[in-house]
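The first residue of the sequence shown is numbered 1, and numbering continues consecutively from there.
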Amino acid sequence: MKSSFFAAAAGVLLAASAAAQTPKTTFKFDFGPSKAAAGYQQVLPTAAYSEAAGYGFDFGTTVTGVDRGGKDALKGDFVTSKQPFYFSVKLPEGNYTVTVTLGDAKGPSSTFLKAESRRLLLETTATKPGQFTTQTFTLNVKSRRINDTETVALKPRELRKLDWDDRLTLEFDGATPCLAALEIAPAPTATTVFLAGNSTVVNQDDEPWAAWGQMLPRFLKPGVAVANHAESGLTLGSFLGSKRLAKVLSVMKPGDYLFIEFGHNDQKDKGENDGAWKAYSERLHLFVQEARKKGGIPVIVTSTSRRTFGADGKIENSLGDFPAAARKVAEEEKVALIDLNAMSAKLYEALGVEESKKALVHYPANTYPGQTAPLADNTHFNPYGAYELAKCVVEGIKANKLGLVKFLKNDTPTFDPAKPDALAGWVWLDSPRSEVTKPDGN
């Protein structure tokens, strides 16, 4: 009798220990000062993020709570702010279904939503007094860990990136963002689109930098998540060497995608076996073949063109044989090709020599030693340019008839890079973080 008692007690302790070690992955938050709705956890305006709590308003941002009363406990109150604010939740690696409820029972609201390192989720979305909108996304949270002995070798600048911390962070911007509720649940069967690339692809943390990879989520319905493993300055070789491909392959499942865009920095490799038709092509073949071994669907993306106009007003190729080599590998491997090099050149030419500068980052005079006049970066995009490039990628998804087509949002219009969106009619709300230092790469 005594032995069975101790065995039962030990079982209870083991179960409790296991529960304590298993991280929580499902949340239902009700924001505001009044009583929480049934089944929801109340989040007061004073709930600052802490490791102990595992959730809260983050990075020193603050909100105000508003209680409108009424019988609807979930929508009767909310939090808001006149400044952008962050809300973070500690989560393990994986894909998650994230649903936000926005609106105000008695006033208008206007919200612009990003996630993590400025991934665009929702452009300006307004509600009238008494109107609410529920928006759902599938988001990826990633970890450096590959297995018990290996981790991704991050650059020093990546150590502060929101994409690489241990939490999911949402950034709420807008004239009057009114957050009433947030729900998070694991989405293990969601399709993942992994991105491998450089500074033209990466999720840039800081204004005014941006790349097409962080704009892509805006065009996707729930059920597919973008896992952006690109980083500034990388080549196919350094992506391999820093174990980023190993990381992608460690979490890839059949039916997931791997989009591969390199070339800008690969040009600088000058070894005996380097070059477009040697190491670059060989490594592209390797990326494709390794993804296929995991049941993944590789997609080759040619390097975005640099803004290099000739005297005739046409873009001159500054990437040598690299775009042609990427096209040839795609043909040999019989994989989808998104010719972003050709589309971005067409985009620049349509904008023209002067207007095309507005798609790229500018350095004000005296940003760097010896620089006396404003300078245009002919490689790195600002949010407008990145958004236009993401639209080109979407058109490539359509043209290749990828299975991702069914996940494109219904409000995604056909886009012709020869007819770009007018900058004057496009809206981007800046994030609080900014940096004048150019990202790695050229």
Participant: Between R144 and V152 (side chain of the first, backbone of the second, donor and acceptor by atom type, cut-off under 3.5 Å), is there such a pair?
Facilitator: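 Confirmed, R144 side chain pairs with V152 backbone.
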Participant: So does E395 pair up with K346, basic N to acidic O under 4.0 Å?
Facilitator: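 Looking at E395 and K346, the cut-off is not met.
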Participant: I want to check something: taking the side chain as every heavy atom from C-beta on, are D104 and T127 in contact at a cut-off of under 4.5 Å?
Facilitator: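 They are not in contact (no side-chain heavy atoms under 4.5 Å apart), so the answer is no.
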Participant: Starting at CZ of R307, measure out to CG of L360 and round the result to the nearest 0.5 Å.
Facilitator: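 Reported value, rounded in 0.5 Å steps: 7.0 Å.
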Participant: Is the distance from the ring center of Y86 to that of Y49 below 6.0 Å?
Facilitator: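 No, the ring of Y86 stays outside the 6.0 Å limit from the ring of Y49, centre to centre.
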Participant: Would one find more than 12 heavy atoms of other residues, nucleotides or ligands at under 6.0 Å from atom CD of E331?
Facilitator: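 No, not enclosed.
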Participant: So that I know where these two stand, are F322 and Y280 an aromatic pair - ring centroids less than 6.0 Å apart?
Facilitator: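 Ring centres of Y280 and F322 closer than 6.0 Å.
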Participant: A quick test of your reading: do over 12 heavy atoms of other residues, nucleotides or ligands sit less than 6.0 Å from NZ of K409?
Facilitator: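 Yes, enclosed.
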Participant: So which heavy atom on F172 is nearest to which on P177, and how close?
Facilitator: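 It is CB-CB, 4.5 Å.
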Participant: Using the rule salt bridge (charged side-chain N to carboxylate O under 4.0 Å, His left out), only one of E171, E435, E207 pairs with R118; which is it?
Facilitator: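 That would be E207; it is the only one of E171, E435, E207 passing the salt bridge (charged side-chain N to carboxylate O under 4.0 Å, His left out) with R118.
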Participant: Going by distance alone, is a donor N or O of one side chain under 3.5 Å from an acceptor N or O of the other, for K221 and N410?
Facilitator: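 Note: K221 and N410 side chains meet the donor-acceptor criterion.
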Participant: Could you check F259 against V201 for side chain to side chain contact (heavy atoms under 4.5 Å, CB included), going step by step and ending with a plain yes or no?
Facilitator: CA-CA 10 Å; F259 282 47; V201 185; over 6 Å; no
Participant: For R218 and D411: C-alpha separation, side-chain torsions, deciding distance, then whether salt bridge (charged side-chain N to carboxylate O under 4.0 Å, His left out) applies.
Facilitator: CA-CA 10 Å; R218 177 262 178 262; D411 67 347; 3.2 Å; yes
Participant: Take the angle between the ring planes of F29 and Y55 and call it parallel below 30°, perpendicular above 60°, tilted in between.
Facilitator: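 The rings of F29 and Y55 sit tilted, inter-plane angle from 30° to 60°.
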Participant: I'd like to know if the side chain of T151 reaches the main chain of T149, judged simply by a donor and an acceptor atom lying under 3.5 Å from each other, with no hydrogens or angles considered.
Facilitator: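 Side chain of T151 to backbone of T149, a donor-acceptor pair under 3.5 Å: no, none is there.
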Participant: Closer than 3.5 angstrom, by distance alone: can the side chain of N400 be matched with the main-chain N or O of L402 as a donor-acceptor pair?
Facilitator: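 No; judged by distance alone, with no hydrogens or angles, the pair does not exist.
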Participant: Establish, for the pair K28 and Y40, whether the NZ or CZ atom is under 6.0 angstrom from the six-membered ring centre and no further than 45 degrees off its axis.
Facilitator: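 Yes, a cation-pi geometry.
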Participant: Is the positively charged end of K155 above the ring of W164, judged by distance under 6.0 angstrom from the centroid and angle within 45° of the axis?
Facilitator: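 Here K155 fails the 6.0 Å and 45° test against W164.
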Participant: Counting neighbours of NZ on K35 that are heavy atoms of other residues, nucleotides or ligands and sit closer than 6.0 Å, is the number greater than 12?
Facilitator: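 Counting neighbours around NZ of K35, 12 or fewer heavy atoms of other residues, nucleotides or ligands fall under 6.0 Å, so no.
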Participant: Output the distance between atom CD (Q214) and atom CG (L120), rounded to the nearest 0.5 Å.
Facilitator: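 Atom-to-atom, Q214:CD and L120:CG are 8.5 Å apart.
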Participant: Apply the side chain to side chain contact (heavy atoms under 4.5 Å, CB included) test between L182 and each candidate in L170, L102, T99; give the one that qualifies.
Facilitator: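 Considering L170, L102, T99, a side chain to side chain contact (heavy atoms under 4.5 Å, CB included) with L182 is found only for L170.
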Participant: Could you check whether atom NZ of K357 has more than 12 heavy atoms from other residues, nucleotides or ligands sitting under 6.0 Å from it?
Facilitator: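 Enclosed.
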Participant: Looking only at heavy atoms, which two atoms of A211 and V202 are closest? And how far apart?
Facilitator: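 Shortest heavy-atom separation between A211 and V202 comes out as CB-O, 3.0 Å.
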Participant: What distance do T192 atom OG1 and N95 atom CG have between them, rounded to the nearest 0.5 Å?
Facilitator: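 With rounding to 0.5 Å, OG1 (T192) is 4.0 Å from CG (N95).
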Participant: Heavy-atom distance under 4.5 Å between the side chains of E93 and R145, does that happen here?
Facilitator: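 With C-beta onward as the side chain, the pair stays apart.
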Participant: Between E355 and K358, is there a salt bridge with N-O shorter than 4.0 Å?
Facilitator: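 Looking at E355 together with K358, the answer is yes, because their closest N to O distance falls below 4.0 Å.
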Participant: Once you round to the nearest 0.5 Å, how far does CZ of F381 lie from CH2 of W212?
Facilitator: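 Here the interatomic distance stands at 10.5 Å.
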Participant: Just by modelled atom types, is the R306 backbone N or O under 3.5 Å from a matching donor or acceptor in the Y348 side chain?
Facilitator: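 Absent.
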Participant: Assess, by modelled atom type and distance only, whether the side chains of T169 and R167 contain a donor and an acceptor separated by less than 3.5 Å.
Facilitator: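 No, no side-chain donor-acceptor contact under 3.5 Å.
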Participant: Can you find a heavy atom in the side chain of L404 that is under 4.5 Å from one in the side chain of V193?
Facilitator: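 A side-chain contact under 4.5 Å exists here.
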Participant: Quick one: does S117's side chain have a donor or acceptor within less than 3.5 Å of a partner on Q204's backbone?
Facilitator: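 Pair absent, no side-chain N/O of S117 close to backbone of Q204.
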Participant: Less than 6.0 Å separating the ring centroids of F219 and Y387?
Facilitator: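 Yes, the ring centres sit under 6.0 Å apart.
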